[in-house]
Amino acid sequence: MSTTATAATYDFLAIEKKWQEYWAKHETFRALNPGEAGFDPDKPKLYVLDMFPYPSGAGLHVGHPEGYTATDIVSRYARMNGYNVLHPMGYDSFGLPAQQYAVEHGIHPRITTERNIANIERQIKMLGFSYDWSRRVATTDPDYYRWTQWIFLQMYDAWYDAEMVWTDPTGRKIQGRARRVADLVQEMEQGRRVVDAAFNAVPAPKGGITPTSGLRAWGDLDEIERRRVIDNHRLAAMAEVPVNWCPALGTVLANEEVTNEGRSERGNHPVYRRPMRQWMLRITRYGDRLLDDLVMVDWPESIKLMQRNWIGRSEGAEVDFLLTGEAGRAVTDDYETFEALKAVRATQGYPVTPADYVLRIYTTRPDTLYGATYMVLAPEHPLVEKISTPEHRAEVAAYVQQARNRSELERIADTKQKTGVFTGAYAINPVNGREIPIWVADYVLMSYGTGAIMAVPAHDERDFAFAKAFGLPIEAVVQPTAQAVKEEYPEDSTPPDQMVQQVLAGERCFAGLGVAVNSGEFTGQPTSEFKKNVTASLEAAGLGRFAVNFKLRDWLFSRQWYWGEPFPIIHCEKCGTVPLPEDQLPLLLPHMEDFKPKASDDPEAPPQPPLARITEWVNTTCPSCGGAAQREVNAMPQWAGSCWYYLRYLDPKNDKAFVDPAVERYWMGASRLPAWAKTEAQQAGGVDLYIGGAEHAVLHLLYARFWHKVLFDLGYISTHEPFAKLFNQGMIRGFAYRDSRGIYVGYDQIDFREDGAYHKETGEKLTESIEKMSKSLKNVVNPDDVVSQYGADTLRLYEMYMGPLEASKPWNTRDVMGVHRFLHRAWRLIVDPETGELSSAVTDGEPDAESLRVLHNTIEAVSRDTERFGFNTAIAAMIMFVNEMTPRDVRPRAVLEPFVQMLAPYAPHIAEELWQRIKGGSWHGSLSYEPWPVYDESLAKEDEVEVAVQINGKVRTRVRVPSDVDAKGLEAAALADEKVKGFIGDMQVRKVIAVPGRLVNIVLGK
RNA sequence: GCCGAAGUGGCGGAAUGGCAGACGCGCGGGUUUCAAAAACCCGUGGGCUUAACGCCCGUGAGGGUUCAAGUCCCUCCUUCGGCACCA
């Protein structure tokens, strides 16, 4: 350790402070926008982005600098290679953690947020990253959230035209586009769209509206109905939907914020499903494009897959089952039997839209329709109450109530043990006219498909379990091959033929593909063919249609907390929801002394947003009619600000627009990148490199893509996708130690000996494990400590040297010394430790061939490795350079200077200092823009190389040959070798493989 | 349960199908020193050996392709990550 540092040795703390002040003072890393004085349009651009931090009270942990260092290396490398580099930083400062921290400590979140930002910014600056600080944003700044609110209003004023086929500026054909609400109104006014029974604006039927179609023209709607149609189509709209209600947090949460166990991601509180009227963003409209456009981006396959799974597109059919008897009569006066409905529909040119007299289900397996033996409604399904017969009503109501009171946790806990009750109602299977019972069970989810299913116990595991539990019939309609059923039950030792018999007998469930049996006219058809045919036949009869479903659900966009963006919306009794006029933005978050949300243990407690308590703020006038009105009192969720921050960095001070279009086109446009960064993705444009943790795989990254596409469709930005290239850094974990009772022990309590870790006080040997860093495991490493002990350059270098960027790896403080020593050695190459002056070994003379060879090998390795993000091996190459140069007493300047440049992206402070010293009095400034050293292959080559010689694949000797020898010459040299001759003896040389520069393999035989 | 990624010395890790273990840590030996630290130099996968020359075994396990496999293919095991009643 350098606590004994004299003025002459590498005084990293002073050097780092000096250069950080220099960079700040000279705005060394300021990136100029097109149009600014000094902007060079001939340089290619590179937009290098970090996932901006959440400014928590704990400050940075060592995981943050890992990604930040990687992007900093790329940024600095790119500047030295002649790029205009945009490398900004900011803070994601709204959200629940700040709210909770503030509640716990009794301090206003505005204050804690400012304090936390100040601390985290100090830490980031202490690490010497080359951010353009003039572009700093915080999502809590009114100048920032003004535009978050503005974008929300654009979504409010937009709808998704799923039918529209259009061509983007690159000539790509796209189906579906967000358009202005005014266009929708116009289409309806002109009669191109009509309104169906569910208030959807659908393309007008060719033959016009028939009386039985349930369709209406725009002119036939009253004011309230018209508003309902429009609201039904807005990309941002309020809707009564089942939401995740967390009474303990006093707010609702998005699906993405609820854990597998049905608890809140934050705080681990129970979450309940409740229907509530909330703001929703219709991300599901973009399901297909969010899925399809993943091919445009250069992202880790694992992340793309997670997004694909999250979107969860499936194809199948919607099928309408007619309700019969009492149930049917309860909901319809006009149609009582299946045959009657079928007859009516047969006369129609246009399929009838959903209405109460049918039970509409979604299935991916329409080929199993003949095996449907009962139906199931989700407890929240609107038909449950209507169709339950008097004798079952009490039981159904009790079950529904019980399901409501079970948290998600409880529902998930017993997926094996199915529950449910019979409603007393029956439905008619459209393919065979059979009446089957309708049940209610919570294994069917209201939020997926139509909230109702046909149950085919013979071919669905869940239905099978339910049928077994309640004694419902199981009828096989798919005959599997012996092999298919064996694959489904690999552990089972039953002979495959017998398994097939068990499936056909309804004793065993089979969910795979096969050939139809007992399926009327379809019997004998393979599954895939059957699906197509039966869907077509249902469609022809108006009883079903091809359908696509997504697991992705609309984004619940309101929260009942204080610390978020207020909605720029006013509720007027006369005009409905009214957007705040643009010139009134930002709508400032009003100050509150008591900002606590109303928390509760009661799942039935209603949400009470804190803002609702400021009556003088809530009560306002309607911008539309001028009458009395109320402000929206919910706040936006954590993710709102992070959906578009990468766009604000481009033009952070603009008060006319969230970004100037010309500026956006430059920084987000397709790059003129060198080979190393060129991918198909970057041709499509976007942020050139985005580095962050994989924990955002579906949340932030999906939401941001969604907003981006909306802004693209509305013409505000120029690219389909926000992030052309994404890279996930691996998690840095820490060694954790616990005693025999399982209690974790902090590092300061541990005596590290050769054979393990011992407790300093008890002497007990401790168990070591590698865990995610966390306070409770007492294995957190604080960057402040590392920097004060070893310096920022050492921390940066160590984090990059630990291993591949994408790998998860454990922090080992002992290893930090290794790179720290390297920096000391690099320092002494140039500075005499005795005098503090330039070392006398540094000469102006012509470099010798060997020094040049070492240098150019290093240039080659560092350049190549940096470009492929192999930062660990790039550092290894620089260490080798220093190890080679250290013993020399003549070290030519011409060799040292390029080395210092190569060190600069990795350890910028020491590099600046060494550069200044080696350049001497003539140098003033930063080396940040000095051209990167050029690799000269002719200087890197040696005249002679050693090549391994294998006999039958085993290395037996080496031969020295000229480095440019060809395969023939290499073969001759190997065969001429005495030792090789000895090995050959009287054996026969069957084959010789000679790979110049690599090896020779001599294959011998008898 | 489903999907994905990964298994290499005492440790972190390196290796376009071409000399496995670069580089660092740790460890052993040496130089320097009154001594220690620091620094510098040498050694360091395991085993055998006449200890020089040299040989054998080694990248989670087993099989395969190839002149040549850590790398490609098949089967299995383990660990980590994601999803999880999505009809």
Side-chain angles (χ1 to χ4, degrees), chain A residues 1-4 9 260 300-306 308-310 312-314 316 361-365 368 376 411-412 414-416 418 441-445 447-456 459-463 465-466 511 549-553 694-695 697-698 730-731 733 735 754-755 770 797-798 801-804 806-822 824-825 828 833 861 870 872-880 883 886-887 946-958 990-995 997-1004:
Chain A
M1 227 169 300
S2 61
T3 43
T4 56
T9 57
N260 293 347
E301 272 310 313
S302 61
I303 301 289
K304 288 192 187 184
L305 196 73
M306 279 161 73
R308 286 190 186 109
N309 290 341
W310 190 265
R313 186 181 193 274
S314 74
I361 61 104
Y362 171 74
T363 177
T364 56
R365 291 295 300 273
T368 60
V376 186
R411 280 175 74 150
I412 289 163
D414 41 46
T415 54
K416 289 268 174 330
K418 300 275 185 283
D442 67 1
Y443 82 93
V444 172
L445 309 175
S447 48
Y448 183 77
T450 61
I453 62 159
M454 65 166 186
V456 185
H459 305 294
D460 183 279
E461 295 281 354
R462 297 149 302 180
D463 297 345
F466 190 84
N549 246 297
F550 294 94
K551 282 197 219 174
L552 180 69
R553 293 168 205 171
E695 68 273 17
V698 287
M731 197 192 302
R733 299 192 290 167
F735 289 101
E754 223 174 283
D755 63 331
I770 296 171
L797 223 41
Y798 172 63
Y801 190 58
M802 289 172 82
E806 69 275 17
S808 155
K809 52 231 159 210
W811 180 278
N812 193 343
T813 299
R814 238 178 12 197
D815 290 346
V816 177
M817 272 312 293
V819 285
H820 190 61
R821 273 185 208 134
F822 158 68
H824 274 277
R825 286 154 64 89
R828 288 198 305 269
N872 53 334
T873 50
I875 294 167
M878 289 190 275
I879 294 174
M880 283 203 280
N883 290 348
T886 293
E946 246 184 18
V947 173
V949 181
Q950 295 183 333
I951 311 284
N952 287 338
K954 282 202 168 106
V955 179
R956 295 298 183 179
T957 187
R958 284 154 229 281
R990 301 203 154 229
K991 197 176 187 181
V992 179
I993 290 106
V995 185
R998 296 272 182 197
L999 53 46
V1000 182
N1001 190 9
I1002 299 166
V1003 185
L1004 298 180

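Letters A, B, ... are given to chains in the order of the sequence lines, protein chains preceding strands, and every chain is numbered from 1. All of these numbers come straight from a predicted model, not from anything done at the bench. What you see below is based on every heavy atom in this structure, not just the backbone, and it leaves out hydrogens, waters and symmetry mates.
Separating the CD1 atom in A:Ile951 from the CD1 atom in A:Ile1002 is a distance of 4.0 Å, to the nearest 0.5 Å. How far OH of A:Tyr798 is from CE of A:Met817: 13.0 Å, rounded to the nearest 0.5 Å.
Nucleotide B:rG18 holds its C1' atom 15 Å from the CG atom of A:Asn952, rounded to whole Å. Between the P atom of B:rC25 and the CZ atom of A:Phe735 lies a distance of 16 Å, rounded to the nearest Å. Whole-Å rounding puts the A:Ile770 CD1 to B:rU78 C1' distance at 15 Å. Note: CG (A:Asn812) to C1' (B:rG24) measures 11 Å, nearest angstrom. Summarising the geometry, the separation between CZ on A:Arg828 and P on B:rC40 is reported as 5 Å, rounded to the nearest angstrom. For the pair A:Asn872 CG and B:rA15 C1', the interatomic distance rounds to 12 Å; values are reported in whole Å. Between the CZ atom of A:Arg553 and the P atom of B:rC85 there is a distance of 9 Å, given to the nearest Å. Distance, A:Leu999 CG to B:rA68 P: 13 Å, rounded to whole Å.
Remark: the A:Asp815 side chain and the B:rC25 base include no donor-acceptor N/O pair separated by less than 3.5 Å. Residue side chain A:Lys551 does not reach the base of B:rC83 through any donor-acceptor N/O pair under 3.5 Å, judged by distance alone.
Of the P atoms belonging to B:rU66 and B:rC73, the separation is 16 Å, rounded to the nearest Å. Taking atom C1' in both B:rU71 and B:rG21, one finds a spacing of 15 Å when rounded to whole Å. Going from the C1' atom of B:rG58 to that of B:rG46 covers 7 Å, rounded to whole Å. For the C1' atoms, the distance linking B:rC77 with B:rG13 amounts to 24 Å, nearest Å. One C1' atom belongs to B:rU44, the other to B:rC23, and the distance between them is 15 Å to the nearest Å.
B:rG70 is unpaired under the Watson-Crick or G-U wobble criterion, no partner having all donor-acceptor distances under 3.5 Å. In this entry B:rU16 has no Watson-Crick or G-U wobble partner, no candidate having both defining distances under 3.5 Å. Pairing for B:rG58 is absent, with no Watson-Crick or G-U wobble pair whose two atom distances lie under 3.5 Å. Base pairing annotation: B:rG26 forms a Watson-Crick or G-U wobble pair with B:rU44, both donor-acceptor distances under 3.5 Å. Pair check for B:rA6 finds B:rU78; Watson-Crick or G-U wobble, both atom distances under 3.5 Å. In this structure B:rA37 sits in no base pair that meets the Watson-Crick or G-U test at under 3.5 Å. B:rC53 is unpaired under the Watson-Crick or G-U wobble criterion, no partner having all donor-acceptor distances under 3.5 Å.
Among the heavy atoms of the strands, none lies under 4.0 Å from A:Glu301. Within 4.0 Å (heavy atoms only), A:Ile453 reaches at least one base atom of the nucleic acid. Within 4.0 Å (heavy atoms only), A:Asn883 reaches sugar-phosphate atoms of the nucleic acid but no base atom. Contact annotation for A:Gln950: base contact, defined as any heavy-atom pair under 4.0 Å involving a base atom. Residue contacts for A:Ser314: at a heavy-atom cut-off of 4.0 Å it reaches the sugar-phosphate backbone alone, with no base atom in range.
Phosphate proximity of B:rU16 to A:Arg998: absent, as no side-chain N or O sits under 4.0 Å from OP1 or OP2.
For B:rG46, the glycosidic angle deviates from 0 by more than 90°, giving an anti base.
Heavy-atom minimum distance, A:Ile303 versus A:Ala697: CD1-CB, 3.6 Å.
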